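Quick caveat, the model's predicted, so the values are computed rather than measured. Proteins get letters first, then strands, A, B, ... in listed order; numbering begins at 1 in each.
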Amino acid sequence: MKIILTLLISVWMALPASAVEPSEVLADPALEARAREISADLRCLVCQNQSIDDSDAQLAKDLRLLVRERLVQGETDAQVKEYIVSRYGEFVLLTPPFNSSTYVLWYGPPVFAFMGLIALFIFFRRNRRSPAQVQAQAQTQAQGLSAAEQRRLEALLDHEEVEK
Amino acid sequence: MMARRLLFIIPGVVFCILAIYFAVGLTKDPSQLPSVLINTPVEIFQLPPIKGRDTHGLASTDFVGEVALLNVFGSWCISCKIEHPFLMSLKQTGDVPLHGIDWREPDPDAGPDWLKREGDPYTLVGDDPDSKGAIAFGVTGAPETFVVDKKGIIRYKHVGPMSPEVWKNVIYPLVLSLRAQ
């Protein structure tokens, strides 16, 4: 029991903590949940690989408050994001938008994976032996060694002993 | 046979192109973001004045009518202190009005005290404790300096301390050409 509890606590402590301060949290849980979701997808401009939800930077805090303020004013999630994008560019979105400048980004990986699959398919198909080849091999195995092959084998074995 | 050889060469070529592309990307400074606000009008905003100033603070309407500079600063910002003597010399020449956004001061006295100590180069200064003004200009750090034309359209953004070189080679020529428009 103790061990399980210790494990649970250590796993919980290893989760990334959010930077949202108690004073920032909105009274309405539904709005707060939307705010959290939006800010998790907005890049902090100061420490660029964190979301504003994770970042302790002052600017991130002010952006979190701005998101909440706009939600309280009745804006939709998209409108809030649109405003911040209009100030900082699409760079602030941690999920890149799907448009003509990002087609390579979104389509690239599936296209490469598909090309890889095709390459694998061709490779295995080429290596697979034809039924005629399989039959020929089975025949040789059934017949055993021919007299000539037997002599060659013995010669080789003798030779090896001499070398030793 | 030729087609098979190509099959082996193409991945290598693709790899080389990608490697060069990414290598160039690594040499770029990620903190130098291109502003999306160039050639867009200043967003409507209104900031109160900082303590001890009898001017009215700073609002978007202050940017209509003449070419002006906007400098985002803070008493906490070390690069701003480096930049400050240049801003003071700019004030002496009187070449162009310089407005300021006093960004995120730890307390209401910090900004005014700092300007008292270092000198006050600004025509108008707005107090911006919760980044409203800074976000309106898409500011990511201080100092940042913007050139705004007569119609209130942002024309240029300089990130980091302004130097006499930047002023002489980039910003002043731009101010003159915007004025001539």
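B:V139 approaches A:L59 most closely through the heavy-atom pair O-CD2, 3.6 Å. Shortest non-hydrogen contact noted between B:V36 and A:R87 is CG2-O, 3.6 Å.
The CG atom of B:D130 sits 9.0 Å away from atom CG of A:L66, with the distance rounded to the nearest 0.5 Å.
Crowding of B:K81 atom NZ: a count of heavy atoms from other residues, nucleotides or ligands under 6.0 Å not exceeding 12. Heavy atoms from other residues, nucleotides or ligands lying under 6.0 Å from CZ of A:R152 number 12 at most. Heavy-atom neighbours of B:K150 NZ from other residues, nucleotides or ligands within 6.0 Å: above the threshold of 12. Heavy-atom contacts from other residues, nucleotides or ligands closer than 6.0 Å to CG of B:D107 number more than 12. The environment of CD in A:E21 is crowded: more than 12 heavy-atom neighbours from other residues, nucleotides or ligands sit within 6.0 Å. Within 6.0 Å of CD1 on A:I3 lie no more than 12 heavy atoms contributed by other residues, nucleotides or ligands. Environment of CG in A:L8: crowded, with over 12 heavy atoms of neighbouring residues, nucleotides or ligands closer than 6.0 Å. Other residues, nucleotides and ligands contribute only 12 or fewer heavy atoms inside 6.0 Å of the CZ atom of A:F121.
Using a cutoff of 4.0 Å between basic side-chain nitrogens and carboxylate oxygens, B:K132 and A:D62 are not scored as salt-bridged.
Within the 4.5 Å cutoff, no side-chain heavy atoms of B:W76 are placed close to those of A:Q58.
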* To do: Report the C-alpha separation of B:T140 and A:V46 in whole Å, then their side-chain angles, then the decisive distance to 0.1 Å, and conclude whether the side-chain contact (heavy atoms from CB on, under 4.5 Å) test is met.
  => CA-CA 6 Å; B:T140 58; A:V46 183; 5.9 Å; no

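Residue A:L65 does not touch chain B at all, counting heavy-atom pairs closer than 4.5 Å. Looking at A:Y88, the atoms closer than 4.5 Å to chain B (heavy atoms on both sides) sit in the backbone and in the side chain alike. Interface residue B:L37: only side-chain heavy atoms are found under 4.5 Å from chain A. Proximity to chain B is absent for every atom of A:V92, based on heavy atoms less than 4.5 angstrom apart. Heavy atoms closer than 4.5 Å to chain A are found in the backbone of B:P129, but not in its side chain.
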